[in-house]
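Following: one structure in structure tokens, then a few remarks.
Naming: A, B, ... by sequence-line order, numbering from 1 per chain.
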Number of protein chains: 2
Amino acid sequence: MKPTTLKDIAKTLGISVTTVSKALKDYADVSPKTKAQVKELAEKLNYVPNSFAVGLRKKQSKTIGVIIPTMVHYFFSSILDAILKEAESKNYMVIILQSNEDYELEKKQVDLLLNKGVDGILISLSNNTKDFKHLQKIIDYNVPLILFDKIAKLIQCSKVYIDDRQAAYNAVSYLIKKGHKRISHFRGNLNPQNSIDRFLGYKKALEDHGIPFDPKLVYICDNNSDFSDGYLNAKKLIEDHGENVDAIFTVNDLLAIGAINYFNEQGIKIPDEIALFGFSNWFMASVITPTLSSIDQNAYKMGETSAVLLFDEIDCKLKNIPITHKKVVIDTELVIRNSC
Amino acid sequence: MKPTTLKDIAKTLGISVTTVSKALKDYADVSPKTKAQVKELAEKLNYVPNSFAVGLRKKQSKTIGVIIPTMVHYFFSSILDAILKEAESKNYMVIILQSNEDYELEKKQVDLLLNKGVDGILISLSNNTKDFKHLQKIIDYNVPLILFDKIAKLIQCSKVYIDDRQAAYNAVSYLIKKGHKRISHFRGNLNPQNSIDRFLGYKKALEDHGIPFDPKLVYICDNNSDFSDGYLNAKKLIEDHGENVDAIFTVNDLLAIGAINYFNEQGIKIPDEIALFGFSNWFMASVITPTLSSIDQNAYKMGETSAVLLFDEIDCKLKNIPITHKKVVIDTELVIRNSC
DNA sequence: TTGTATGCGTTATCAG
DNA sequence: CTGATAACGCATACAA
């Protein structure tokens, strides 16, 4: 079965392709009668415009591209969920690519998207992206670009992100107000900015509340490892400090859950003997025992906001309105549960 | 900045567009010298073929479409991960759509993909899809189609799925071999086939091992509810049967985790007083205390297999080799942990 | 070995 | 009100 074309309709109706095209678009200069005829037949033949042809003519694809480091992740899949829903409502399609934390791949994928003629691009950068020529290329091609979560400060485009430092600050301040004084931090690798900012927020909260920062309470964990790293560091923490530690703020929920497992196993009472605060508010945080307090990053809102911004810019471009880049900081939220 | 076209290259080199086109494709009838010149300039100008034009000419897009019920789900995001990786390796792009368990939306999305000229389509059907005209349409348009996980038996196309019945049978048989005799089942809604098959597997395992099936031990849970439904039904189970029940096989991990929370809270020992077996092997199963035995559905392999089948069919179509539809049953695996 | 002509399906311009 | 024509960028059959 072949798709119907304008030509098919024109032929059976004995009129020109031009008229058919105009009729379907409700141009003012087509007689109501012709319009009716054309529309009826088009409906009957199930006509849909060929998107290659439209794209070739109008240089727009009604498609956007998204590049994320990885898909199998509650945070990113929630973001994608929001982007897909937003796109759906605007009748856009979405091409999704995983950079897999690989800079070269990310670069190649940008080329693919540009080549594909997408109307806009959303990117959350790979941890290994230090060079931004590929992003500049997008801008040079005049394709709207929004960076989210993992952003590059120097690139001239709209950005959507959370304030990791502030969020960490809030969590640690909460622990302090609850009376905790010896607060450990399980931090991530030195590398990604997120991890640095969360550490800085932790440190600042201590300082602002007159609690001396003790580097011995900071444990560096492997970001990509599974939760067993949390378990192991919890063990180490107790070995190193015994009762001279009363809380842990972890850079993500997974580490906290590993630690919870260790404490449960050892009969160390949470939160009485040690309190815990995670980061990200994975679904898991609400089902573990005890339930884990955590910082909700509002992934859905981040995705939604990014998509809305992108469609705005696409719109502006179509209407030749100059684009003003925006920076949106998404609110995070302390979700207090039973671990502190 | 405008993308380079064949015309640009032809003009600066003073040759025809045809020659440029052929040179880039290494046609035999272009002189090595011309080829070299063309390629060099193309490289320099960063030439990439305009995909709209190519699509219009060749009627293929190097793009496939995927429709899934929902994205924010460990199972589906793992499948997508595999599909994206497979597509990446074949230099294909992937358009992802969420049907959101809505039949009308699914239908519309099929039209969009067809209209978009994708080279193939992968679908996991919505629970509410009872009518398959939209799938037939894909086949009528001669676009390769693979159904995975939630399939329609009557449609003539390749399918990739697990044997839910067998998997459930295996899990329950395991519980029986461990000495459990009063095994409850927390089943899903009556509606999706998965849920029915898992129930049937449960029942068959009992029968085959000479254990009478007791309908009072079967609890119907709301599929879309959160884990609290598992908690509530566990409570009910104990109220109804007291010690006269020694294991539960749940239709998914979430319900099992809800139940675990209840038992932990009540000091009911797992697995001594009651054993648990889940289904799906969510990440959570390995971090909960006690860790939960579950059935791994091999999501990654399912995605990979589906994608490989699709690319095979696309290939056959290009080469005019007749397509033979395949049915692939993905192996499931009992993952035994501490809950039984 | 190179180039000309044609068409893919649509839309915009302009003439009738 | 209608339609002929050109153009988008590329690929191919056919000439030269």
Does [X] make a side-chain N or O approach to OP1 or OP2 of [N] shorter than 4.0 Å?
X	N	result
Lys7(A)	dC8(C)	yes
Lys35(A)	dC1(D)	no
Tyr27(A)	dA12(C)	yes
Lys22(A)	dT11(C)	no
Lys58(B)	dT12(D)	no
Thr5(A)	dG9(C)	no
Thr19(B)	dT2(C)	no

Just to be sure I understand the rule, does [X] reach a base, reach only the sugar-phosphate, or reach nothing, if contact means heavy atoms closer than 4.0 Å?
X	result
Val17(B)	nothing
Asp29(A)	base
Ser31(A)	sugar-phosphate

Problem - Asp111(B)/Lys107(B) salt bridge by N-O under 4.0 Å criterion - result: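 No.
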
Practice task
Would you mind checking if Glu88(A) and Lys108(B) are paired as a salt bridge, meaning a charged N to carboxylate O distance below 4.0 Å?
Solution key: yes

Problem - Donor-acceptor pair under 3.5 Å, Thr18(A) side chain vs dA4(D) base - result: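 Looking at the base of dA4(D), it does pair with a donor or acceptor on the side chain of Thr18(A) (distance under 3.5 Å).
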
Exercise for the section: Please evaluate the base of dA7(D) for a donor-acceptor partner in the side chain of Arg57(A) within a cut-off of under 3.5 Å? Expected result: yes

Problem - Leu56(B) side-chain proximity, nearest of dC8(C), dT10(C), dT12(D) - result: dC8(C)

Handout entry: Closest contact, heavy atoms only, Lys116(A) versus Phe52(B)
Key =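 Looking at all heavy atoms of both residues, the closest pair is O-CZ, 3.9 Å.
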
